[in-house]
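Report on the following structure.
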There are 2 protein chains.
Amino acid sequence: MSAKQKGNVDIVAVAKAAKVSPSTVSRTFNHPDLVSPATRKKINRAVQKLGYIRNRAAQTMHGKRSATIGLVVPTINHAIFAEVIQAFSDAIDKEGFSLLLASHGYDLDREYAMVRKFLEHRVDGVALIGLEHSQATARLIAQQETPAMAIWNYAQDAALPCVGADNRQAGRMAAAHLLELGHRDIGLIFPDTQGNDRARHRLSAVLETLEAAGITVPQDRKSEAPYSVAQAKQAALDLLAGPSRPTALLCGNDVIAQGALYGAQKRGLKVPEELSVMGIGDFKGSADIEPGLSTVRIPAETIGTLAGAEFTRFITSDTPEPFSLCCDLEQIIRGTTGPA
Amino acid sequence: MSAKQKGNVDIVAVAKAAKVSPSTVSRTFNHPDLVSPATRKKINRAVQKLGYIRNRAAQTMHGKRSATIGLVVPTINHAIFAEVIQAFSDAIDKEGFSLLLASHGYDLDREYAMVRKFLEHRVDGVALIGLEHSQATARLIAQQETPAMAIWNYAQDAALPCVGADNRQAGRMAAAHLLELGHRDIGLIFPDTQGNDRARHRLSAVLETLEAAGITVPQDRKSEAPYSVAQAKQAALDLLAGPSRPTALLCGNDVIAQGALYGAQKRGLKVPEELSVMGIGDFKGSADIEPGLSTVRIPAETIGTLAGAEFTRFITSDTPEPFSLCCDLEQIIRGTTGPA
DNA sequence: AATAGTATTGCAAACGTTTTCATAAACTGC
DNA sequence: GCAGTTTATGAAAACGTTTGCAATACTATT
């Protein structure tokens with residue numbers, strides 16, 4: 001029927017119940033074609049009866065893959081990463097891998113600690129967000145010879161295989177859109193770029209693009225806010241408080257843009273007539289805000305799925321070749337941007 | 001200095017380098033007080049030099065804890081669960097545990113598969129969302145004697161230790177608020193309650209509360225939408241299309257409420273003057289929408305943190321006693337609800 | 001200086017698998 | 001029937017730890 005006495009149902013208990021050797025049981029799981037159908041049936045019955053569950057730890061110890069992949073993200077609680085995590089998780093699950101997840105709160109030393117923790121668990125691979133990591137982290141994964149990859153950023157000369165998008169390009173596209181609409185007095189709300197190469201690349205590309213158009217953004221048009229709707233809203237309120245106000249706000253990502261939009265609405269400003277708001281990211285939900293958020297689409301789900309698929313392929317391949325994928329960006333023009 | 005030849009730096013390599021026995025090395029990690037400071041120093045130097053990283057799989061196999069906890073959620077890509085996951089992850093990380101995460105997309109059979117997968121990895125505990133699970137899942141964890149807990153729901157007579165809130169109470173509070181404001185024609189937008197006891201409890205409590213006030217909600221005032229802003233928006237548009245429209249919308253959670261709000265705005269309705277919108281959950285961001293969303297606060301972060309803390313305590317305790325915590329709900333009245 | 005106790009270390013068995021090698025049995029084709 | 005294959009199984013070593021037990025070295029007590 002079911003539940004046998006103790007909890008120690010192992011492969012030899014199954015073997016005994018099926019009157020075969022442990023080796024045969026193991027083979028039934030790993031190379032079913034090598035064991036006769038009759039024996040297989042006997043064994044499966046025993047497995048059922050005893051409620052046997054394979055012990056991955058033991059397999060791992062033997063040198064087989066652990067069938068786990070570690071993913072270290074800055075934060076889970078964040079529209080954009082949640083979406084990649086979901087997609088990545090689904091993709092590797094499809095290949096039989098389990099996801100070990102940790103977050104470091106944008107602290108590269110904690111990132112190192114998390115990677116280390118995962119290596120203790122002998123993950124088959126470590127995936128990180130972005131391409132900026134501490135020396136120690138790089139050394140660790142190199143030395144350990146554990147497959148590693150970067151998600152979210154793409155760069156030709158990246159030290160790690162990566163699947164992501166070009167954040168500089170994203171910054172350029174966002175700025176270009178506002179320039180095309182004739183805006184010349186543009187406010188910027190970006191997060192702290194320390195340890196966040198995504199934000200840094202976007203910001204520098206934005207500034208370069210504007211400069212190329214002859215625009216230098218004065219200090220009082222630059223504001224810093226973390227990826228929080230509430231704090232971005234406050235930052236926007238401040239930016240829009242002065243006697244003169246910008247005609248457009250370019251935001252580090254859609255969360256900030258959403259906050260900025262609420263801030264503008266609170267100030268009673270008509271968007272996009274009196275103020276344009278431009279985001280970057282195109283998060284789930286950005287399309288549904290009223291008015292719909294203009295932004296640069298970074299295909300989070302695609303990136304997550306692709307990353308998971310490529311990484312598992314890389315890990316399971318006998319002849320692994322490095323990979324790198326650059327996902328296309330897209331200007332999404334909705335209702336928050338209009339002519340200056 | 002660093003990187004030794006192969007990748008096979010194990011405890012005996014360290015032992016050799018430090019000229020002690022493997023047992024002593026092991027003890028240095030697990031019972032440092034049992035080994036002399038001098039020896040410890042020698043060993044630590046060897047560890048540094050060789051870049052040794054403990055092998056959890058081997059420890060696990062020996063019968064020690066795996067130091068992993070499996071968390072199975074309906075979906076990651078979602079405001080509300082992202083928040084609990086984050087809090088739970090942080091809480092167990094603080095106790096040295098790693099998080100194995102999987103999602104099942106509201107499919108209880110897939111949930112079973114995920115739990116099984118985790119048991120193969122010999123997680124020290126399995127945490128599930130909600131109290132509704134398949135028979136097979138229950139049997140599995142019972143038989144395996146793996147600690148298990150439920151997050152998000154609370155019920156006195158729960159089969160599992162749980163940390164969460166009373167979703168019926170949440171439904172009652174939401175309905176009560178609208179009744180107090182004098183609403184009698186109330187539209188409902190809820191997700192499919194199949195395999196989702198949170199939603200089911202909320203909905204039934206809402207209906208009971210309304211009925212107790214003499215109100216029966218006609219079929220054409222009930223709408224179904226998944227937890228998606230876009231689809232909820234559509235559902236709201238439909239509900240508000242008829243010749244007569246409800247004076248209030250009560251939504252299954254804040255994501256739906258957000259969609260409903262956008263739908264109302266799109267219809268050109270003034271909220272809360274012409275239509276009240278009530279949510280449940282108080283997700284991150286609900287406070288910042290314009291106008292701020294009225295809702296019933298379910299303290300996701302608190303729940304996650306508490307759940308993580310209680311669970312690890314339970315797992316590591318020599319004399320584990322079952323636990324259960326009911327987190328308080330709170331009516332949060334913001335700008336989307338007003339008198340009928 | 002002998003004894004008892006304590007602190008430190010090593011030996012070896014155990015944990016649950018997988019896999020190499022060897023063996024036995026069952027087929028080939030003549 | 002017989003050598004040569006092929007197929008199915010088992011025995012045993014290996015993976016990297018932890019820990020109970022035994023052995024040794026040191027300390028304090030008389």
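Chain letters run A, B, ... following the sequence lines, proteins first and then strands; every chain starts at 1. Since this is a predicted model, take the numbers as computed values, not measurements.
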* To do: Mind jotting down which residue pairs meet the salt bridge (charged side-chain N to carboxylate O under 4.0 Å, His left out) criterion with at least one end in residues 35-44 of chain B? Sequence neighbours excluded, please.
  => none

* side-chain contact (heavy atoms from CB on, under 4.5 Å) against B:Ser21, all qualifying residues, sequence neighbours excluded -> B:Ser23, B:Thr24

* Structure fact -> Those residues at least two apart in sequence (or on a different chain) that pass side-chain contact (heavy atoms from CB on, under 4.5 Å) with A:Arg65 are A:Phe97, A:Asp124, A:Ile315, A:Thr316

* Asked: Do you see a donor-acceptor pair shorter than 3.5 Å between the side chains of A:Asp90 and A:Gln86?
  -> yes

* Going by number, which of residues 57-67 of chain B have a non-hydrogen atom under 4.0 Å from DNA chain C? -> B:Met61, B:His62

* To do: Write out all pairs satisfying salt bridge (charged side-chain N to carboxylate O under 4.0 Å, His left out) with one or both partners inside residues 308-320 of chain A, taking only residues at least two apart or from two chains.
  => A:Glu310-A:Arg313

* **Boundaries of the DNA chain C segment in contact with chain B, non-hydrogen, under 4.0 Å** => C:dT8 to C:dG16

* To do: Using modelled atom types only, decide if a donor and an acceptor are shared between the side chain of A:Arg122 and the backbone of B:Arg54 within a distance under 3.5 Å.
  => yes

* Asked: Just to confirm, is there a sub-4.0 Å distance from OP1 or OP2 of D:dT18 to any side-chain nitrogen or oxygen of B:Asn30?
  -> yes

* Would you mind reading off the bend of the helix from C:dA1-D:dT30 to C:dC30-D:dG1 from its two end axes, five pairs each, to 10 degrees? => 30°

* Asked: Excluding sequence neighbours, so at least two apart, what forms side-chain contact (heavy atoms from CB on, under 4.5 Å) with A:Glu301?
  -> A:Glu83, A:Ala87, A:Lys284, A:Thr305

* Residues in contact with DNA chain D, drawn from residues 15-24 of chain A - heavy-atom cutoff 4.0 Å -> A:Val20, A:Ser21, A:Ser23, A:Thr24

* Residue list, side-chain contact (heavy atoms from CB on, under 4.5 Å) with B:Ser26, at least two apart or on another chain -> B:Ile11, B:Asn30

* **Contact list for DNA chain C against residues 115-124 of chain B - heavy-atom distance below 4.0 Å** => none

Are any protein N/O atoms closer than 3.5 Å to N/O atoms in nucleotides 21-27 of chain D? If there are, list each pair with its distance.
none

